[in-house]
Amino acid sequence: MKSSKNYALAQLHFYLSKWPFGFMLVKTVFSGTFIHRGIQSAVHQYRTKQCQAPVVAHVDAVTNENTVHWDNHVKLVESKVLKGWLDWEFIEVEHIRPSVSGDRSIYYLQHFFAEHLPHMPVKRALSLGCGGGNLERALIELNASETIDAFDASPESINLAKRLAVENGCSNRVHYNVADINKIKLEANSYDFIVAKMSLHHFEDFDHIFAQISRALKPGGVFMFNEYIGPTRFQWTELQLSITNRILQTLPEKYRLSAFTGSILDEIQKPTIKEMIDMDPSEAINSSEIIPKVEQYFDVVELKRYGGTILHLLMNHIMANFDTDKELDATLLRLIFLQEQLLVENKVLGSDFCYAVVKPKKN
């Protein structure tokens with residue numbers, strides 16, 4: 001019963017976030033009360049419960065401990081009950097778009113089309129690590145490709161992606177299949193472009209994967225990814241943590257309520273490797289090797305680093321505390337964005353996220 005109650009409250013949190021008046025009512029009128037704390041606690045407990053929940057084994061060769069986490073979480077991710085720093089429109093518009101496209105009105109897919117796909121739709125595209133299918137649905141809606149093949153190791157993710165494709169009327173153009181991307185074998189000279197959105201950092205064997213991508217692209221084809229490229233297993237640097245925590249501790253308490261715990265956040269700590277593996281064995285498993293391996297197999301056509309070195313750590317916890325319709329809150333956020341940008345530009349910190357377009361090296 002308690003799990004069902006937590007699920008219901010977590011869903012309430014989701015729907016309130018879609019209803020601005022209701023969300024602000026809870027946030028302002030009930031802030032600090034048992035009602036607000038109850039919803040936040042339920043979201044936290046439900047997330048924790050989902051991390052620990054057993055999953056019935058699927059009769060499939062790729063179903064293993066690496067897919068269990070995503071089998072459990074894909075519906076929450078697709079519905080934005082699990083909301084990361086990249087899911088906030090204010091961060092997207094004010095920070096990421098200016099870094100990637102140089103224009104607050106142009107997001108990365110639009111930029112990719114304008115700069116690298118002169119003729120649309122192309123015949124055939126491929127998506128690796130598709131999850132619940134939001135990227136493929138967007139590509140079809142924007143008429144980027146006549147057909148798209150999409151693969152993911154999580155059977156539940158593929159089941160959800162197929163269902164949502166039917167609901168969105170694009171199931172005849174997107175072909176979803178379960179596959180272990182680390183062992184995938186792709187047909188040569190088959191795709192006009194290949195994409196990966198926040199999935200590469202869950203892959204391990206980049207030598208195999210990048211060799212397959214290189215052979216699968218048609219002549220002139222490109223590989224585009226939008227990705228976490230920071231420290232493996234989130235083993236953030238001491239300088240990165242120190243700067244992030246000093247910014248955090250400068251903020252008034254009302255901005256430091258953690259979305260994960262429902263309590264005031266005083267310090268962000270680096271997770272242990274064991275904690276990372278227990279949460280998701282594939283999370284950032286080899287992320288620091290992505291760019292070095294990319295450079296071995298591809299020529300870089302475009303690479304835009306957009307930070308996340310501080311914002312990823314900080315905003316996952318506290319972004320929900322800011323009312324971006326208020327000038328003070330919006331200005332505080334822009335100042336934090338600017339701090340990170342200056343630290344990355346002056347090479348005090350590296351960039352943990354990037355957008356890139358590459359093409360296979362010529363032999």
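Counting begins at 1 with the first residue of the sequence. Here the structure is a predicted model, which means the values were calculated and not measured.
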S.K.: With a 6.0 Å cut-off (strictly less than), is the heavy-atom count around NZ of K359, excluding the residue itself, greater than 12?
M.R.: no

S.K.: Which one of D149, N168, I148 satisfies the side-chain contact (heavy atoms from CB on, under 4.5 Å) criterion with E136?
M.R.: I148

S.K.: Do F193 and F112 have ring centroids that are under 6.0 Å from one another?
M.R.: yes

S.K.: Step through it carefully: locate the ring centre of H312, locate the ring centre of F353, and say whether they are under 6.0 Å apart.
M.R.: yes

S.K.: So, H201 versus E283: side-chain donor-acceptor pair below 3.5 Å or not?
M.R.: yes

S.K.: Same cluster for V174 and L128 if Ile/Leu/Val/Met/Phe/Trp/Tyr side chains link at under 4.5 Å?
M.R.: no

S.K.: Please determine whether salt bridge (Lys or Arg N to Asp or Glu O under 4.0 Å) holds for the pair K270 and E238, giving the CA-CA distance in whole Å, both sets of side-chain angles, and the decisive distance to 0.1 Å.
M.R.: CA-CA 9 Å; K270 177 169 56 181; E238 293 304 315; 3.5 Å; yes

S.K.: With a cutoff of under 4.5 Å between side-chain heavy atoms, which Ile, Leu, Val, Met, Phe, Trp and Tyr residues group with L335?
M.R.: none

S.K.: Before accepting this row, confirm whether a basic side-chain N of the pair R163/E167 lies closer than 4.0 Å to the acidic partner's carboxylate O.
M.R.: yes

S.K.: Using ring pair (Phe, Tyr, Trp, His ring centres under 6.0 Å), reason through F223 and F225 one step at a time and then give a plain yes or no.
M.R.: CA-CA 7 Å; F223 172 39; F225 58 91; 5.3 Å; yes

S.K.: Between the side chains of E146 and R124, is the shortest nitrogen-to-carboxylate-oxygen separation below 4.0 Å, so that they form an ion pair?
M.R.: no

S.K.: Are a donor atom and an acceptor atom from the side chains of D280 and S282 found within less than 3.5 Å of each other?
M.R.: yes

S.K.: Taking it one step at a time, do D352 and Q240 satisfy side chain to side chain donor-acceptor pair (under 3.5 Å)?
M.R.: CA-CA 11 Å; D352 281 0; Q240 181 179 4; 3.0 Å; yes

S.K.: Suppose the criterion is side chain to side chain donor-acceptor pair (under 3.5 Å): which pairs have a residue in residues 113-122, not counting sequence neighbours?
M.R.: H116-E302

S.K.: Going by the side chain to side chain donor-acceptor pair (under 3.5 Å) test, name the single residue among Y355, Y108, Y306 that passes it with N226.
M.R.: Y306

S.K.: Side chains of Y255 and D329 only: does a donor on one sit below 3.5 Å from an acceptor on the other?
M.R.: yes

S.K.: Could you work out, with ring-ring contact (aromatic ring centres under 6.0 Å, His included) as the rule, every residue matching F151, not counting sequence neighbours?
M.R.: none

S.K.: Salt-bridge test for K123 and D192: reply yes if a basic N is under 4.0 Å from a carboxylate O, no otherwise.
M.R.: no

S.K.: Quick one about D207 and Y297 (side-chain donor to acceptor, distance below 3.5 Å, no hydrogens or angles considered), yes or no?
M.R.: yes

